[in-house]
Number of protein chains: 2
Amino acid sequence: MASTQRSPAELDASKLRITLAQELKPIPPSNDVHFGQNITDHMAFASYDPIEGWSAPEIKPYGPLTLYPASSCFQYATSAFEGMKAYIGPDGEPRLFRPAKNLARFLRSASRLSLPLFAPDELLNIMKTLLRVERRWIPDQRGHSLYLRPMIIGTRHNSALLWIMCSPIGQYPSIGARPLSLLAVNDAVRAWPGGTGEYKISGNYGPTIGPMQVAHQQGYDQCLWLLGDRVTEAGVMNIFVVLKRDDDSVDLLTPSLDGTILPGITRESVLDLAAAHPSRTVLPGLSKSLHIYAGERDITMGGLQTWLAEECLLEVLVVGTAVVIQPVGRIGYKGVDLILPVYDGGLGPVGKALHQRITDIQYGVFEWDGWSVRC
Amino acid sequence: MASTQRSPAELDASKLRITLAQELKPIPPSNDVHFGQNITDHMAFASYDPIEGWSAPEIKPYGPLTLYPASSCFQYATSAFEGMKAYIGPDGEPRLFRPAKNLARFLRSASRLSLPLFAPDELLNIMKTLLRVERRWIPDQRGHSLYLRPMIIGTRHNSALLWIMCSPIGQYPSIGARPLSLLAVNDAVRAWPGGTGEYKISGNYGPTIGPMQVAHQQGYDQCLWLLGDRVTEAGVMNIFVVLKRDDDSVDLLTPSLDGTILPGITRESVLDLAAAHPSRTVLPGLSKSLHIYAGERDITMGGLQTWLAEECLLEVLVVGTAVVIQPVGRIGYKGVDLILPVYDGGLGPVGKALHQRITDIQYGVFEWDGWSVRC
């Protein structure tokens, strides 16, 4: 189309400018840190306005933002984010786990809030450079990693800011594979059909803080979010159950993506790997003869109770970027605790196999379908 | 309780410090301005941290905030607000309309997001002082007002910022009493029982931007938010219907506060005033013999269609702080437009009577139960 008007600039990693911090922070021991407690020296940053489009991206010292009180991120919570981790592989190189999946979801979340769009590949390139700059912050112990938080917010007049900040984290939630306890909650509803539960937008999280505090006060680690009787998510994680079949094969089930469930990258990876066993690969510690029927199905509190009573509920697992895979030992529901099967070391055989395999892939010890991406 | 520990300071209007702007902005003509287009010279401001509590509140020049990227307002949308208006009364004094109602709701919204609490009365006193400082910005034409936006956001480590900004507005949405057109939407669901629709929190609004754009593209002014077949809100307004009874009395109905509906101050005022007619007061233009049965009832799209077919649907109204009361002329639903009764000048007799009375109260022309509060 012939036009003299310049169209708004796309996000372009080739324009990246780097300004290094004058003074670098000391790196804290990574074994007891949580996201946000320690932010690294630098952040990636770009701004957008509807006329000029995306600014040249920058890597610059981590520091405060200047925002007008009338910005749409305050008024309308136009704010979306991602959570990813970088790991050090055996070759000493930083790696990301299926980053294209996260960045595609980031784009979908931004789009749901009518925020400006960007090419995920460009953002990935910016992220890779950021990781090279912050290389010294990536812990090289197994189980430790550098958490990455890409974020986009609306400011004024359809403008926006995008950034990536980094925070080293140890074992999350620093309790290793200890079985989690969940308080089933259905008075506060996290997500509903036609709502925004399938997007990683900030507005989904604020209303969960109060119910989480109640759960903690009652001695539970996290909320199990119900929609009526139906299980949706646990804390900020997807949930799986492992059920014994009569023939000693097992079902590995998770709620289907009906709009109330965040399409987790770990969730998808668990489904993929379970389906690959034993035909494409044998998962660590599992028998070749064990067939895993991996799939999506509604999970209800009534169903959990029935499976427990029938002694076919083998494992309840929560999965997510932060925890990878963690067992659930107890679910409080209507004043009664459902006591779930526990195993030596925390995870049952299926959870353990999947945890081992996924972390092997994340740390570059096991190559699988290009899931681990070297930076 | 004997304790040597100082407890965190409460929000305290008596500590208010005022720093006036060096240079004042020219005041734009108020007839075509919307909220946010022009912000006044000053804002009220206070900050909170869990140890010190609330800072001494300030009135200071309106300007940018400095926030760290890891602030919870970005990550978790810990952000709540209010919308209020100041009017000039016949005595030339600024007035607020039932401000205690808004500020009590503000506190509830903040509390829902686990943000720090404050005494609404202290905030009202700060607001009154702000209005005296910004007196020249309050338009004195009828229909014009100074819009006030109190807002609270979470920052880091359970700290928070609270501010009030002001923006002069003319007739909103600058179309006077022209009947609005609404597009009924039930694929995107604004609020859900157990969700947060009854709170004025920012996270409720971001996801509505996209559907609103779709409505505009299809030639509608606003979305009518459905839950299944059930009408909840219209745009950011509550909705009412006026139905004819056989005996020529009328029903004035609005959906009940089931958690999906913002408990609007205009909504409550409409219900109160309608119930007061004719026993306590006769509403302008209405007959003393007209009885209005004002109350809460489910309104469904099927119900609207039936009432239309039976010719008992007299008026459909949307109400809110911004519009006060506006008629609805058309609702698009499943590809068909419901054409609603329209009246000369826009509003029907009940809507007109209520609009006249409420604005008379707001502008201090009619005294009613202390609803109009002089500053």
Side-chain angles (χ1 to χ4, degrees), chain A residues 35-37 39 43 45 62-81 111-115 149 151 153-154 156-157 161 163-165 167 185-196 199 201-210 212-213 226-227 259, chain B residues 35-37 39 43 45 62-81 111-115 149 151 153-154 156-157 161 163-165 167 185-196 199 201-210 212-213 226-227 259:
Chain A
F35 166 68
Q37 218 155 20
I39 308 284
M43 63 196 285
F45 185 84
Y62 176 77
L65 307 169
T66 300
L67 286 165
Y68 274 87
S71 295
S72 77
C73 58
F74 303 131
Q75 316 299 318
Y76 311 122
T78 48
S79 174
F81 64 98
S111 173
R112 180 64 185 85
L113 295 176
S114 309
L115 286 163
R149 168 69 47 107
M151 174 148 252
I153 63 170
R156 283 187 310 170
H157 313 307
L161 302 178
W163 68 83
I164 306 171
M165 54 187 168
S167 173
V185 172
N186 65 8
D187 53 342
V189 177
R190 194 198 83 92
W192 51 84
T196 55
Y199 301 97
I201 62 176
S202 305
N204 289 342
Y205 295 87
T208 68
I209 297 171
M212 297 276 239
Q213 287 169 344
L226 305 184
L227 185 61
Chain B
F35 166 68
Q37 217 154 22
I39 309 284
M43 64 197 285
F45 184 85
Y62 175 77
L65 306 170
T66 300
L67 286 165
Y68 275 86
S71 296
S72 78
C73 58
F74 303 132
Q75 317 298 318
Y76 311 121
T78 47
S79 173
F81 64 98
S111 173
R112 180 64 186 84
L113 295 176
S114 310
L115 286 163
R149 167 71 45 108
M151 174 149 253
I153 62 169
R156 284 187 309 172
H157 312 306
L161 302 179
W163 68 82
I164 306 169
M165 54 188 170
S167 173
V185 173
N186 64 7
D187 52 344
V189 176
R190 194 196 84 90
W192 183 273
T196 55
Y199 301 97
I201 62 176
S202 305
N204 289 341
Y205 295 86
T208 68
I209 297 171
M212 295 277 239
Q213 288 170 344
L226 304 184
L227 183 61

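Throughout, a chain's letter reflects where its sequence line sits, starting with A, and its residues are numbered from 1.
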Of N186(A), L227(A), L67(A), T78(A), the largest count of non-hydrogen pairs under 4.5 angstrom with chain B goes to L67(A)

Considering only heavy atoms and a distance below 4.5 Å, find which of Y205(A), F81(A), F74(A) pairs most often with chain B.
-> F74(A)

For chain A, find which of [options] contributes the most heavy-atom pairs closer than 4.5 angstrom.
options                           : value
G154(B), S71(B), G194(B)          : G194(B)
P64(B), G203(B), G63(B)           : P64(B)
P69(B), S114(B), G210(B), A191(B) : P69(B)

Which atoms of Y62(B) come close to chain A, meaning under 4.5 Å heavy atom to heavy atom: side chain ones, backbone ones, both, or neither?
-> side chain

Can you say whether W163(B) sits under 4.5 Å from chain A via the side chain, the backbone, both, or neither, judging by heavy atoms?
-> side chain

So for [X], is it side chain, backbone, both, or neither that comes closer than 4.5 Å to the heavy atoms of chain B?
X       : answer
I153(A) : side chain
I201(A) : side chain
T196(A) : side chain

Locate the shortest heavy-atom distance separating [X] from [Y]; write the atom from each residue and the value.
X       : Y       : value
V189(B) : P193(A) : CG2-O, 3.5 Å
A188(B) : R112(A) : CB-NH2, 4.1 Å
L113(B) : G206(A) : CD2-C, 3.5 Å

